[in-house]
There are 2 protein chains.
Amino acid sequence: MKVAILLYDGMTALDAIGPYDVFATTLKCEVQFVAKKKGLIKLDSNMGYLHADYSFSEVVSADILLVPGCIPPNYKTPMKDEDTLNWIRQIHETTKWTTSVCNGSLILSAAGLLHGVTATTHWGSFGVLQSLGTTPTHERVVRQGKMITAAGVSSGIDMALQLVAWEFGEDASKGVQLILEYDPQPPFDSGSPKKAPAALVEQIGGMIQELAKQEPRN
Amino acid sequence: MKVAILLYDGMTALDAIGPYDVFATTLKCEVQFVAKKKGLIKLDSNMGYLHADYSFSEVVSADILLVPGCIPPNYKTPMKDEDTLNWIRQIHETTKWTTSVCNGSLILSAAGLLHGVTATTHWGSFGVLQSLGTTPTHERVVRQGKMITAAGVSSGIDMALQLVAWEFGEDASKGVQLILEYDPQPPFDSGSPKKAPAALVEQIGGMIQELAKQEPRN
């Protein structure tokens, strides 16, 4: 299967690299990192790069399209870029699965692919998703027809394992999980707004709201 | 804190990018991607690149050093490269924490930093680690003085969250976990050899043994 992963300046690396390593480990997927212009892609931390090996014009179809997220307000730039939105729509016409991680779903929504349906995004971006006509939900991986949206950042690993199970069978997915030794043991149980201390949720939620009001610099 | 992440051709991206995004999200770490030569670093899938922004000569100290792993037998190249081993030893002299993910611990062991101690690696590389004079253990994150080794690939996320808790406090670590929405929900419980189906463990373990016998191409 051909997996096209969209890259853009200001994105979050783990949103892309988690699913990439799941798909790559199957040995049954050709993964392509694609951007408007090929070359180095600046990360949202301003401390490193990914690399787009393909430009939009070089990738005209994919079995799986994946749109990663970013620190707010960086999604605003791809959401307003017609070349990006048109490429997403064009690839979507050819996909078996069109997917997003984190607030990458805002970009899918801006491309008109999530209108009127239920989907997810980073918990801090529920308001923005709703304002675009998409109903947010706290599920970690949401399937609506061929659209799959995953929650914040690390959820892309879970989504990709689910897709591998659907496409290549449960044993293939279990095998990838075993190779990646994905037996999570975080030191705390603070990975969702329902589980984290309320004061932290309020503080970080407020920070995200403030960032979302800014103009993008990417 | 300054975090230096070693990159080398043939490495596994998630080993580096999981911890990178944990450290970057603290907003209290300067993360540097470092390699023998700066520029593009080919991934073990042969389907993409990371980017080294610094060469060895440009990074002479770090608070945290992280050595990622790879598909066997790619670790053999850095394990035999004196420039790489010398750089690791030099940085280790300056660190508060010297760490590895997956079979990156084989490289630390080759640098002489794990001799006679207990450490971990990918479950499929226990034999190689033992042959280097390091005692393997199935714990996910192992601390021995300032040496921290983590198990396969995805375990680097757990290790980095633990380090963030030690350095910046539990609330900082919980906050990063919440921002990365690290509330793991893999579709199966197959992430360790103790939990995966025995036939899969045998098959993948055998594959890893065979790969480990080969000559590296990176």
Side-chain angles (χ1 to χ4, degrees), chain A residues 12-14 17-18 20-21 24-25 29-33 40 43-45 47-51 53 102 122-124 140-141 151-155 157-158 161-162 165 170-171 173-175 177-193 195-197 200-201 203-204 208, chain B residues 12-14 17-18 20-21 24-25 29-33 40 43-45 47-51 53 102 122-124 140-141 151-155 157-158 161-162 165 170-171 173-175 177-193 195-197 200-201 203-204 208:
Chain A
T12 301
L14 186 53
I17 295 300
Y20 148 80
D21 251 319
T25 301
C29 294
E30 182 194 359
V31 185
Q32 297 183 322
F33 292 104
L40 292 180
L43 299 175
D44 50 9
S45 65
M47 295 187 298
Y49 300 86
L50 291 182
H51 186 264
D53 306 312
C102 200
H122 190 280
W123 61 271
R140 191 155 171 88
V141 177
V153 192
S154 61
S155 66
I157 299 172
D158 296 332
L161 285 170
Q162 184 60 72
E170 291 197 1
D171 264 11
S173 183
K174 288 177 182 173
Q177 189 182 359
L178 180 59
I179 292 172
L180 300 181
E181 211 161 342
Y182 184 47
D183 179 30
Q185 294 170 32
F188 307 106
D189 189 15
S190 181
S192 85
K195 296 174 174 176
L200 262 183
V201 176
Q203 180 200 334
I204 291 169
I208 293 173
Chain B
T12 302
L14 186 53
I17 295 300
Y20 148 80
D21 251 319
T25 301
C29 294
E30 182 194 359
V31 185
Q32 297 182 323
F33 292 105
L40 292 180
L43 299 175
D44 51 9
S45 66
M47 296 187 298
Y49 299 86
L50 290 182
H51 187 263
D53 305 312
C102 199
H122 190 280
W123 61 271
R140 192 156 171 87
V141 177
V153 192
S154 60
S155 65
I157 299 171
D158 296 332
L161 285 169
Q162 184 61 73
E170 292 197 1
D171 264 11
S173 184
K174 288 178 183 174
Q177 188 181 0
L178 179 60
I179 292 173
L180 300 182
E181 211 161 342
Y182 185 47
D183 179 31
Q185 295 170 30
F188 307 105
D189 189 14
S190 181
S192 86
K195 295 174 175 177
L200 260 185
V201 176
Q203 180 200 334
I204 291 169
I208 293 173

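Each chain gets a letter, A, B and so on, in the order the sequences are listed, and its residues count up from 1. Computed from a predicted model, the values in this text were never measured in an experiment.
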Next on the checklist: Please check this pair: side chain of A:Asp183 against backbone of B:Ser192, looking for a donor-acceptor N/O pair closer than 3.5 Å.
Outcome noted: no
Item to check | Beyond-backbone contact of A:Ser190 with B:Gln177, side-chain heavy atoms, under 4.5 angstrom | outcome: yes
Item to check | chain A contact via B:Leu161 - side chain, backbone, both or neither, heavy atoms under 4.5 Å | outcome: both
Item to check | Segment of A:Ala24 engaging chain B (4.5 angstrom heavy-atom cut-off) | outcome: both
Checklist entry - Among B:Ile157, B:Val141, B:Asp158, which residue meets the side chain to side chain contact (heavy atoms under 4.5 Å, CB included) test with A:Gln185? => result B:Asp158
Next on the checklist: Report which part of A:Leu180 has an atom under 4.5 Å of a heavy atom belonging to chain B: side chain, backbone, both, or neither.
Outcome noted: both
Next on the checklist: Can you tell me which of B:Ser154, B:Gly48, B:Ala165, B:Ser173 forms the most heavy-atom pairs within a distance under 4.5 Å of chain A?
Outcome noted: B:Ser154
Item to check | ring-ring contact (aromatic ring centres under 6.0 Å, His included) involving B:Tyr49 - partner list, sequence neighbours excluded | outcome: A:His51
Item to check | Segment of A:Pro193 engaging chain B (4.5 angstrom heavy-atom cut-off) | outcome: both
Next on the checklist: Could you measure the distance from the CD1 atom of B:Ile17 to the CG atom of A:Asp21? Nearest 0.5 Å is fine.
Outcome noted: 10.0 Å
Next on the checklist: Check whether A:Glu181 reaches the backbone of B:Ser155 with its side chain - one donor and one acceptor, N or O, closer than 3.5 Å.
Outcome noted: no
Checklist entry - Looking at B:Pro186, B:Ala196, B:Pro197, which one has more heavy-atom pairs under 4.5 Å with chain A than the rest? => result B:Pro186
Checklist outcome for this item: Per-residue tally against chain B (heavy atom, under 4.5 Å) across A:Gln203, A:Gln32, A:Arg140 peaks at A:Arg140
Checklist outcome for this item: So, the part of A:Cys29 with a heavy atom under 4.5 Å from chain B: the answer is backbone
Checklist outcome for this item: Whatever's closer than 4.5 Å to a heavy atom in chain B on A:Val201 counts as both
Item to check | Candidate list B:Leu200, B:Val153, B:Thr12, B:Ile204, test side chain to side chain contact (heavy atoms under 4.5 Å, CB included), partner A:Ile179, passing option | outcome: B:Ile204
Next on the checklist: Would you compute the distance between atom NE2 of B:His122 and atom CG of A:Leu178 and round it to the nearest 0.5 angstrom?
Outcome noted: 6.5 Å
Item to check | Which atoms of A:Glu170 approach chain B - backbone, side chain, both or neither, heavy atom under 4.5 Å | outcome: both
Checklist entry - What are the two closest heavy atoms between A:Gln162 and B:Pro187, and how far apart are they? => result OE1-CB, 3.5 Å
Checklist entry - Can you say whether A:Phe33 sits under 4.5 Å from chain B via the side chain, the backbone, both, or neither, judging by heavy atoms? => result side chain
Checklist entry - Can you find a pair of side-chain heavy atoms, one from B:Leu40 and one from A:Leu40, that are under 4.5 Å apart? => result yes
Item to check | Which atoms of A:Thr25 approach chain B - backbone, side chain, both or neither, heavy atom under 4.5 Å | outcome: neither
Checklist entry - In terms of heavy-atom proximity below 4.5 Å to chain A, should B:Ala13 be classed as side chain, backbone, both, or neither? => result both
